[in-house]
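Report on the following structure.
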Protein chains: 2
Amino acid sequence: MPRHIPIVLCRNCALYKTALVLGLESPAQEALHEVVIRNHPIEKGQPLFYAGDPVRHLYLVHSGSCISYDGAEPRQVRGFHLPGEIVGIEEMDEERYNHTACALEDGSLCQLDVSRLEEALEAEELIKVQRYLLATAAAHARQLQKERLITGLPNAEQRIGAFLYNLGQRFQSHGFPALQYRLPMSREEMASYLGLAPETVIRMLKKLAAKKWVRVRTRQVEILDPDALQALLTRTPPNLTKIKSAAKN
Amino acid sequence: MPRHIPIVLCRNCALYKTALVLGLESPAQEALHEVVIRNHPIEKGQPLFYAGDPVRHLYLVHSGSCISYDGAEPRQVRGFHLPGEIVGIEEMDEERYNHTACALEDGSLCQLDVSRLEEALEAEELIKVQRYLLATAAAHARQLQKERLITGLPNAEQRIGAFLYNLGQRFQSHGFPALQYRLPMSREEMASYLGLAPETVIRMLKKLAAKKWVRVRTRQVEILDPDALQALLTRTPPNLTKIKSAAKN
DNA sequence: CGAGATGTTGACGACCCTCAAGTGCAGTGG
DNA sequence: CCACTGCACTTGAGGGTCGTCAACATCTCG
């Protein structure tokens, strides 16, 4: 019995917005269809692209979710992509991917043709698209920054808790409930992502549940005390050396 | 006795390139001076900006280096900025910083006025600048991705080794030797960044030195076996589940 | 040269990884 | 519909890694 299956409405779809901007500039609406492929279905486990493949499209997750692995082999998990998020935007200006992405569950994607986009930019037509892409890339960098911070927390409980909280925030930013969602990934994938053993992930989930901060039933997550989870991001007392309080001239 | 003091030549300076593009479009060369402040000196420990400050400038590290802390208090280290790197690019489209940056050592910065940049973009003048900013933001995201991977390595030796290797790569990409450099940060700052105890950092440095992979004398680093360090990024044998080898229709 | 910060070392204990066994869930075929 | 099978998930025991604390060494800067 599927409860919440997150699906991004097209009016909330980042690529669709871009496509609209693109489309509005061109004489006919049909141009839109040339640039964006909407609702491209994808099955669980199927690859979007492999490391080494040429960069052809931006992919927006419409429903379902994706995982990306560092390099060609699925050794270490590089990141997760939730509905509403764009896969591969940081590779936009590169020739080839240096990672591999595939679907974690059945779902659908929107594709935007990168070379088309490049042409549009060459033609100096679409300042809006440029600004949009820049803002999206910057936002992506901010999310990565958060992920690095989470991954760098000193103990496993903090990492897991902050990870769950961050996932909720990401769901929320695309219109889904922040405090109740279904984990798209396995314990093993979470573990690989965070640099932990799968057993540790399980034990920490249990520990957080024992504190009544979350409720977890296999993949279903309910966040009971978001503030407590967020507080895990702040390390305990030990401060570093103070910033010199000199006023610049 | 200062050995290598990394200084970015202005022709290698990312902001200067941007400024040149900007300058060329304007009637007089003086416009350049309005947008970019070059060689702004900064003392060790002095802040570039605090969390909550309005975003006014992009800062490029010309010489010396910077550190950034999450939030207002210097609790956890968010990242380091080496000569040739830009501080705050992922905040470019935000109102205010949500982190604090300050100088790790005496040095100098180039500043680029963000509002001026915005005006230039509004005027649809400077496609080149846009493309440059987009490429820079994407490259920054790729670097953050690497940092997340390093930070998420399962044991301390891997994290320290990969961190040293990555620092070398970053130096190299701005024209400095990759295998011989001076650490701009303390052990404690490294530790905070990687989620470790300072003592562990010291012990792992010693361990890497015992393997003849690096030589470390306080802050002076010499990388003896870069391949071995790079290999630390790859986790040991345990692979994850295979990617479904189904061909997309 | 002295004082304070930074770096280093050792002992001990907590945390987390490893290994191995067992449980539950989902998809498949009888 | 239900047993079967495979995989994900869970649990426990034991050992290695890393954090903590305290003492000491070294470096830096005035």
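Just so it is clear, the values below take in all heavy atoms, side chains as well, and ignore hydrogens, waters and symmetry mates. The shown structure was predicted, so the numbers you read here are calculated from the model rather than taken from an experiment.
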Which value, rounded to the nearest 0.5 Å, describes the distance between Thr151(A) atom OG1 and Lys146(A) atom NZ?
13.5 Å
Going by heavy atoms in the side chains, are Val61(A) and Tyr59(A) under 4.5 Å from each other?
no
Quick one: [X] [atom1] to [N] [atom2], roughly how many Å, whole number?
| X | N | atom1 | atom2 | value |
| --- | --- | --- | --- | --- |
| Leu104(B) | dT28(D) | CG | C1' | 16 Å |
| Met190(B) | dT8(C) | CE | C1' | 14 Å |
| Gln220(A) | dA8(D) | CD | C1' | 17 Å |
| Arg159(A) | dC17(C) | CZ | C1' | 12 Å |

Donor-acceptor pair between Ser192(A) and Glu189(A) side chains, under 3.5 angstrom:
no
Is the shortest side-chain N to carboxylate O distance from Lys211(B) to Glu157(B) below 4.0 Å?
yes
Which of His174(B), Gln143(B), His140(B), Arg170(B) passes side-chain hydrogen bond (donor to acceptor under 3.5 Å, both in side chains) with Glu85(B)? It is Arg170(B)
Five pairs per end, C1' atoms only: what is the angle between the end axes of the helix from dC1(C)-dG30(D) to dG30(C)-dC1(D), to 10 degrees?
50°
Using the 3.5 Å cut-off, write out each protein N or O paired with an N or O of nucleotides 15-18 of chain D and the distance between them.
| unit_1 | atom_1 | unit_2 | atom_2 | d |
| --- | --- | --- | --- | --- |
| dC18(D) | OP1 | Ala156(B) | N | 2.6 |

Can you give one letter per nucleotide of nucleotides 9-14 of chain D, 5' to 3': B if a protein heavy atom sits under 4.0 Å from the base, S if only from the sugar-phosphate, - if neither?
SBBBB-
Within the side chain of Ser68(A), is there an N or O that forms a donor-acceptor pair under 3.5 Å with the backbone of Thr100(A)?
no
Where the side chain of Asp106(B) meets the backbone of Lys44(B), is there a donor-acceptor pair that is under 3.5 Å apart?
yes
